[in-house]
Structure formats: C-alpha cells, structure tokens
Amino acid sequence: MPLPTLVLLHGFPLDHTIWEPQLKGLSDVADVLAPDLRGFGTDDRPVPEIMTMEDYAADVKALLNENGLERVVLGGLSMGGYVALAFAEAWPERLAGLLLVNTRGTADGEEAQRGRKDTAQRALAGGVPVIARGMVPTLLSEATRGRHPELAAEVEALIAWQRPEAVAAAARGMALRPDRHAVLGSLDVPVLVITGEHDHLMPLSTSLALQAAAAGSHLAVVPGAGHLSNLEGPEAFNAAVRTFLAGI
Ligand code: MLT
C-alpha cells in the first residue's frame, strides 16, 4: 500500500525546518512534506501587505495540485493550524486526516488584534531579531530551555532571519481569521489534536475545545513541552502521529 502524504505547516514566525524531527522520524510511515509558507524560510515569492489564513491555504492547495496529490493528511502548528483549518473549510474533500498542533480554533479579540498590528510594525521598523529575542521564552518550556540551551539559540536564530515583510503580513492576516470550531463539526476525517504540557501561548483549554468540536478526535499531550511540542518532545510527538496514521 502506498504511504499516506503528511503535509506539515509551520508556525509563526518560523519555517519548515522546525519539522526536521518529523521529516526524519516519520519517513517510514508517511511521505512527509514540509513547505515554507509564503515569504518564510526559503520561499522567496513576493508577499502582499496582508496574508490571510485563506491565502496561505490557497498556496497549500496549489502545492497539492502541482504534486498531483489528491488527498493528504494535513497538519499545522499554531499559525499552521489556523491555515490547516482554513484549508479544511474550503477543501475538505482534499483531506484524509487533520492534525492540529499547539493551536486553537478561536478568533483574536480586540486586544490581540492590536498586538498583531504592533508586531507587524515592530518587524518592519525594528527588524525581526528584536522580536526573536523576546519570543523564545514563550515558545519553549522552561524545562526545554534548561535541558537544551542550544535549541533555544537555534529557534532564536531561525526567527531572526525571517523576512520582516513576511512576518508583518502573517501577523496582520492572523488578526483577521474567524472562529473555525464549526469547521470541525462538519469534517468527516480523523482528527488528532496535539499540544505541549506547558504551552502558555495555547493553554490546554484551547486543545480541549478543538477536541470537543471534532467528534471522535483524540488529544495527545507531550510531557514537558511548551509551544513547539514537535521539537521539544519529538519521541512522544512522533509516537502519537504514528498511532494516528495507522488508523487512517
Ligand atoms: C504561532 O506559533 O504560530 C503563533 O504563536 C500563533 C499566534 O500568534 O496566534
């Protein structure tokens, strides 16, 4: 039997390299594809002022079409999860499964929307390295930073080299996303929700809400991990995905 294709979408303001433990560790059970969202990492396409989650989802659909992929298991971490939900709303027939990692289905409130504007302005005016420094403690758990200081340095460097206009466009686009819990209610494919035990950006309640919205879905919590659960606890993360893929 051919292996399923697993497409993994990175979070903000990161790139496809966060999925290295999955590209290596899941290659025997899936063809793993990890694209860079527009403007991030090695993607050098022009970036408009705002990239909505629907815009990124349309890019993902174009990628599937280019590669002749009719149906895939689509996964996304945090902002990647927002994009996966936008894709699921628009093209549910292209999904064989949905993997929602350290993410949420809710829209931004007014304060969060103001914060996005501020992030966009800071990225454009002050540069991404300044944002990178402040972000690492919110992305990795205290335990991860203590045990793997090299990972903290790598994540900071990864953020720092992202293009300011890509960071600004994504921040503005996230502010516009609607609540998408209802999408999960009408979806007829297996859903796995994964989060980190110590993710303070997306507390457990957000994952429980996703799980409740998707009938029959499962929730896996990666022990000791923060917001980047796939990087912080790759063994537990990959084990959960393996079980999920085996049931598809
Ligand atoms: C992410 O990791 O993609 C971001 O934390 C998402 C967000 O800011 O809402």
Side-chain angles (χ1 to χ4, degrees), residues 7-19 22 34-41 43 47 50-57 59-60 74-87 99-123 128 131-141 144-145 151-152 154-156 158-160 162-163 166-181 193-196 198-207 209-210 222 225-233 237:
V7 179
L8 295 172
L9 308 177
H10 61 82
F12 170 88
L14 303 162
D15 68 27
H16 78 279
T17 56
I18 66 155
W19 296 113
Q22 287 64 51
D36 281 325
L37 294 174
R38 188 184 291 231
F40 288 97
D43 185 292
V47 181
I50 302 177
M51 277 296 288
T52 63
M53 302 305 103
E54 293 84 350
D55 292 333
Y56 291 122
D59 281 350
V60 173
L74 183 60
L77 182 142
S78 202
M79 182 179 84
Y82 308 158
V83 177
L85 283 170
F87 185 101
L99 175 58
L100 297 171
V101 182
N102 295 76
T103 192
R104 62 183 155 207
T106 48
D108 279 357
E110 276 176 28
E111 196 186 327
Q113 287 179 331
R114 278 196 295 275
R116 304 288 190 198
K117 264 194 197 154
D118 184 55
T119 302
Q121 268 159 11
R122 282 194 300 130
V128 185
I131 294 179
R133 214 158 306 137
M135 274 192 94
V136 171
T138 67
L139 295 178
L140 302 175
S141 72
T144 302
R145 281 179 279 133
L151 190 58
E154 275 168 35
V155 170
E156 184 176 326
L158 176 61
I159 297 172
Q162 302 302 326
R163 284 160 59 189
V167 173
R172 293 181 184 125
M174 283 193 284
L176 301 177
R177 72 187 194 286
D179 186 298
R180 286 207 158 93
H181 284 103
V193 181
I194 305 186
T195 194
H198 303 300
D199 186 349
H200 301 302
L201 278 175
M202 305 279 171
L204 185 62
S205 55
T206 66
S207 292
L210 290 170
V222 177
H227 190 56
L228 304 184
S229 62
N230 69 304
L231 265 184
E232 299 183 62
F237 185 96

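Here the structure is a predicted model, which means the values were calculated and not measured. Counting starts at 1 for both ligands and their atoms, following the listed order.
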Next item on the list: Considering heavy atoms of the protein only, find what lies nearest to atom 6 (C) of ligand 1 and give residue, atom and distance to 0.1 Å.
Entry: Ser78 OG, 3.1 Å

With atoms numbered from 1 as shown, which atoms in ligand 1 lie under 4.0 angstrom from a non-hydrogen atom of [X]?
X      : answer
Tyr82  : 6 (C), 7 (C), 9 (O)
Arg116 : 7 (C), 8 (O), 9 (O)
His227 : 1 (C), 2 (O), 5 (O)
Gly11  : 3 (O)

Next item on the list: For Arg104 and ligand 1, answer yes if some heavy atom of the residue is under 4.0 Å from a ligand atom, otherwise no.
Entry: yes

Next item on the list: Before accepting this row, confirm whether a basic side-chain N of the pair Arg122/Asp118 lies closer than 4.0 Å to the acidic partner's carboxylate O.
Entry: yes

Note to self: I'd like to know if Arg116 pairs up with Asp108 as an ion pair, taking the criterion as any Lys NZ or Arg NE/NH1/NH2 lying under 4.0 Å from an Asp or Glu carboxylate oxygen.
What the structure shows: yes

Checklist line | N or O pair under 3.5 Å between Phe12 and ligand 1 | finding: yes

Next item on the list: Would you check whether Met79 has a nitrogen or oxygen atom less than 3.5 angstrom from a nitrogen or oxygen atom of ligand 1?
Entry: yes

Notebook entry, point to check: Which of these passes side-chain contact (heavy atoms from CB on, under 4.5 Å) with Leu77: Leu100, Thr103, Leu228?
Noted result: Leu228

Item checked: Contact summary for Glu54 and Pro178, nearest pair of heavy atoms -> OE2-CD, 4.2 Å

Item checked: Test side-chain contact (heavy atoms from CB on, under 4.5 Å) applied to Ala152 - qualifying residues, sequence neighbours left out -> Val136, Leu140, Arg145

Item checked: From CG (Leu9) to CZ (Phe40), nearest 0.5 Å -> 12.0 Å

